[in-house]
Each structure stands twice: as structure tokens, then as C-alpha cells.
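What follows is a single structure, written as C-alpha cells, with notes after it.
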Amino acid sequence: MGHREPKPPLPGQGQEKKGPAGDPVHVSGRHGETQIPSFGGGGAVESRLVSPVPQRSGAEVGGTWKDQFADAPDVLKKTPDDEQLVFAGDVVVGGGTFVTMAGPCSVETERQLMATAERVAAAGARILRGGAFKPRSSPYAFQGLGLEGLKLLANARAATGLAIVTEVMAAADAPMVAEYADILQIGSRSMENYALLEAAARTGRPILLKRGMVATVADLLRSAQCIVSYGNPSVMLCERGIRTFETATRNTFDVSAIVVLKEIARLPVIADPSHAAGQRRLVPALARSAVAAGADGLIVEVHPDPDRAWSDGEQSLTLGEFDTMMADLAPWCELRAACSYALETVA
Ligand code: PEP
Ligand code: MN
């Protein structure tokens, strides 16, 4: 092989010119595209950076981080302390307090519901949960008591003063559920049922919107935007765990989603450690992490006799376990409030 003359540069190749900040940037290649400057801000561009494919910097390639949420403009914070408060009965969700919703997965009997309601109220919960219409993995599994369950929930509210959150599964049921409940829950399996979102929104009741188990944060915000667009601003976003390859928990509790939502969204964020964990022993630690991540509240499954529950018994806390979890959470909530205060006074 003989000696080869170096190839003459193609038009625009190998020239140096100044970038916007005065840094030398390399103009390369047959496309004459701008190359990203090497770290160090000057000197020669390393040869491996010189590619025939135009090289651009991060935001030019994938857009900015926030661009992905642009489909939900009314849900995003306009200013850092922009926050939608949600009023349900005499409970306010958002605004720095921590609200707990607790109760059985399904409303089963009057005794079961009343025993749970009285105990969770005494332990500090403000909202009673309980499904009257149940989305189940199997059509043979208990589907809920329906209207009878709604009536039992209303009786429990009358007896304890707790506000009621319960799931609505069909658009046609929304007015009936809204008659009995203070908050309508949209379940994970329904997050993208836009006809249901519309019907729920139009009742005017606050909505607890659960994240679909394979939904991204952007997907969740898009569904929230849909509810807000139908004239209902009172939406709470619920992180309840997502499907991943992990099998040690029923779902993977996405604590980062809570942090992201608190950063970008103006709606309160509620954590559901029960459906994330799938095992009651794991629930209190996930609840603590939700407090630390900045959630505005929890929704937790509790049952007087979880081993005999008609649904989700393995992940339901006993009444005693719920008492303990609430007592243990109190200092974490106080610490968070103290830290927020310290941050505000520094800022
Ligand atoms: C529930 O809250 O009981 C429930 C079915 O939750 P998810 O929609 O998150 O599965
Ligand atoms: Mn459940």
C-alpha cells in the first residue's frame, strides 16, 4: 500500500468558527452541520465527535423535559406555588396538609363497613374508601354490592362524619354514584375511558384519578386535563403502582412519579401503597416514602378481618395495623411540615 494523500476537505469540513458563547464549535461533514463542542469549552473537537450524522445538543434532539407534558396545559403549574385545593365534604386536600383516606377494598356488610369506618376515623382518617362497583381481574370474582353498597357508605358518613370516596365504573352510573359519594374514584383500568371521565367530570364532584397500571405520567396528566376541560377543576392524581418486570410487589410503587407530579402539576397527589405493595406488611414503609416524596395524602385499604375479605385481603391492614401506621406516620408528617417551613423562610 502506497502513501495516500489526505483527502481534501469537503465543503465546510474542518473549519472552526465561534459558537454563540464564543466557544469554538466544529463545522464538519458533508452536511456542514454544527457539531456539539467538546467538554472543556475549547480546543480541538475530538475526532470521534465528528460524525456524518448531524449531532445536536440534548434539548434540540428530544425536546425539553417539560415538553412531554404539553398536552395538559391546565394541569401544569403556572408558578412554583400554583396549587389547586380540592374540597370534599368538610375536608380540604392540598395546601400542605396530609389527608388519609382509608377503608375496605369492597363494601361487604354493614358491620364490616361500620367497624372499619369508626376505627379509621378515630385513628385520624378523614375520608372513607370502599368499593360498591368493583373492577376485578376475573369476571367470576365479587363485583360489588352496587347501589346497596352506596347506601351503606352514606350511612357510614352519617355515623362518623367521614367523607366518602368510591369508584364509578360506568358513565351511566356517574349521577347515581355522585348522589351518595363526596369523591368519585376513577380506577386504574378506567383512566383512559374518556366517556367515563366526561360523565364523572360533569357531576361536579371531586375526582380521584388513579394512574393506569401501564400509563406514563404524561398519560395520567392528559386524562386529568380531559376532566378539567369538562369544567371540573377538582382532580386528585393517584399513584398506585405500575406494571414492571418486578414480581416481589403487586405493582412497582413509582415514588418518582409523586416527586415529578409535585414538581410540575397543580393538582393534589395521593399515594395508594396498598395496590402498589400487594402485601400488607409492606404498606407502612411505602406510606412513609409517600410522605417524604411530598404526597398530599394516602388511600389505604383496611379491613376488620383481612383474611376473610371479599377482595384484596392480602394487602389490607388490620384495624390495629392501621392505628399503628397512623401513629408512626405522624412524626414524619411533622418533620415534613417543619422542613417546608424552613425552606420557605430560607427562600
Ligand atoms: C381499588 O381502589 O380497590 C382498586 C381497584 O384500585 P386500582 O384501580 O388502582 O386497581
Ligand atoms: Mn382493592
Side-chain angles (χ1 to χ4, degrees), residues 100-108 112-113 116 120 125 127-139 141-146 149-150 152-153 163-170 173 177 181-193 196-197 200 206-217 219-220 223-224 227 235-244 249-254 257-258 261 269-280 282-283 286-287 290 295 297-318 322:
T100 300
M101 313 179 185
C105 178
S106 306
V107 177
E108 299 168 6
Q112 168 246 19
L113 189 65
T116 311
V120 299
I127 299 171
L128 178 66
R129 65 146 290 148
F133 295 93
K134 293 305 304 173
R136 304 303 304 277
S137 304
S138 164
F142 174 57
Q143 304 293 306
L145 294 182
L150 296 177
L152 292 177
L153 286 163
I164 301 296
V165 57
T166 194
E167 178 158 354
V168 56
M169 289 179 59
D173 292 341
V177 178
D182 299 286
I183 302 170
L184 302 190
Q185 175 175 322
I186 301 290
S188 196
R189 293 157 189 81
S190 303
M191 191 201 82
E192 287 175 328
N193 181 342
L196 176 62
L197 298 187
I207 308 286
L208 179 71
L209 178 64
K210 296 190 104 179
R211 180 182 181 182
M213 58 189 86
V214 292
T216 64
V217 167
D219 296 334
L220 173 64
S223 287
I227 297 168
V235 182
M236 294 169 275
L237 304 168
C238 180
E239 164 55 37
R240 48 78 75 202
I242 49 173
R243 280 270 163 88
T244 69
T249 48
R250 181 175 175 184
N251 292 287
T252 295
F253 186 51
D254 186 3
I258 298 174
L261 291 170
V269 177
I270 304 297
D272 175 348
S274 307
H275 291 86
Q279 290 297 321
R280 75 180 69 106
L282 308 178
V283 168
L286 296 191
L298 286 180
I299 181 162
V300 185
E301 288 185 338
V302 183
H303 194 284
D305 188 358
D307 291 337
R308 286 201 238 156
W310 296 1
S311 60
D312 284 351
E314 333 77 74
Q315 68 198 30
S316 299
L317 299 177
T318 63
F322 182 73

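The basis for the numbers below is simple: all heavy atoms, side chains too, and nothing from hydrogens, waters or symmetry mates. Counting starts at 1 for both ligands and their atoms, in listed order.
In summary, the atoms of ligand 1 found under 4.0 Å from a heavy atom of G187, numbered by their order in the structure, are 8 (O). Residue contact check: P135 has heavy atoms under 4.0 Å from atoms 5 (C) of ligand 1. Atoms of ligand 1 lying under 4.0 Å from any heavy atom of K134, numbered from 1 in the order shown and given with element: 1 (C), 3 (O). Taking every heavy atom of Q185 and a limit of under 4.0 angstrom, the matching atoms of ligand 1 come to 1 (C), 2 (O).
Below 3.5 Å of separation, one finds no N or O of D272 facing any N or O of ligand 1.
With S188 contributing its side chain and R211 its backbone, the two residues share a donor-acceptor pair below 3.5 Å. Judged by distance alone, with hydrogens and angles left aside, the side-chain atoms of Q143 form a donor-acceptor pair with the main-chain N or O of A141 at under 3.5 Å. With R243 contributing its side chain and N251 its backbone, the two residues share no donor-acceptor pair below 3.5 Å. One N or O on the side chain of R136 and one on the backbone of F142 form a donor-acceptor pair closer than 3.5 Å.
For the atom pair L220 CG and L261 CG, the distance stands at 6.0 Å (nearest 0.5 Å).
Counting just the N/O/S atoms of E301, the one with the shortest distance to the Mn ion (ligand 2) is named OE2. Nearest N/O/S atom of D312 relative to the Mn ion (ligand 2): this is OD2. The Mn ion (ligand 2) is closest to atom NE2 of H275 (considering only N, O or S atoms).
Ligand 1 is approached by C105 to a heavy-atom distance shorter than 4.0 Å.
Tested against Q315, the residues Q279, R250, H303 include a single side chain to side chain donor-acceptor pair (under 3.5 Å) partner, R250. The residue from I164, T166, V165 that alone fulfils the side chain to side chain contact (heavy atoms under 4.5 Å, CB included) condition with I183 is V165.
When the heavy-atom distances from atom 2 (O) of ligand 1 to E167, R129, R211 are ranked, the shortest goes to R129.
Using a 4.0 Å cut-off between charged side-chain N and carboxylate O, K134 and E167 make no salt bridge.
In M213, neither the side chain nor the backbone holds a heavy atom less than 4.0 Å from any atom of ligand 1.
Atom 10 (O) of ligand 1 has as its closest protein heavy atom R240 NH2, 2.8 Å.
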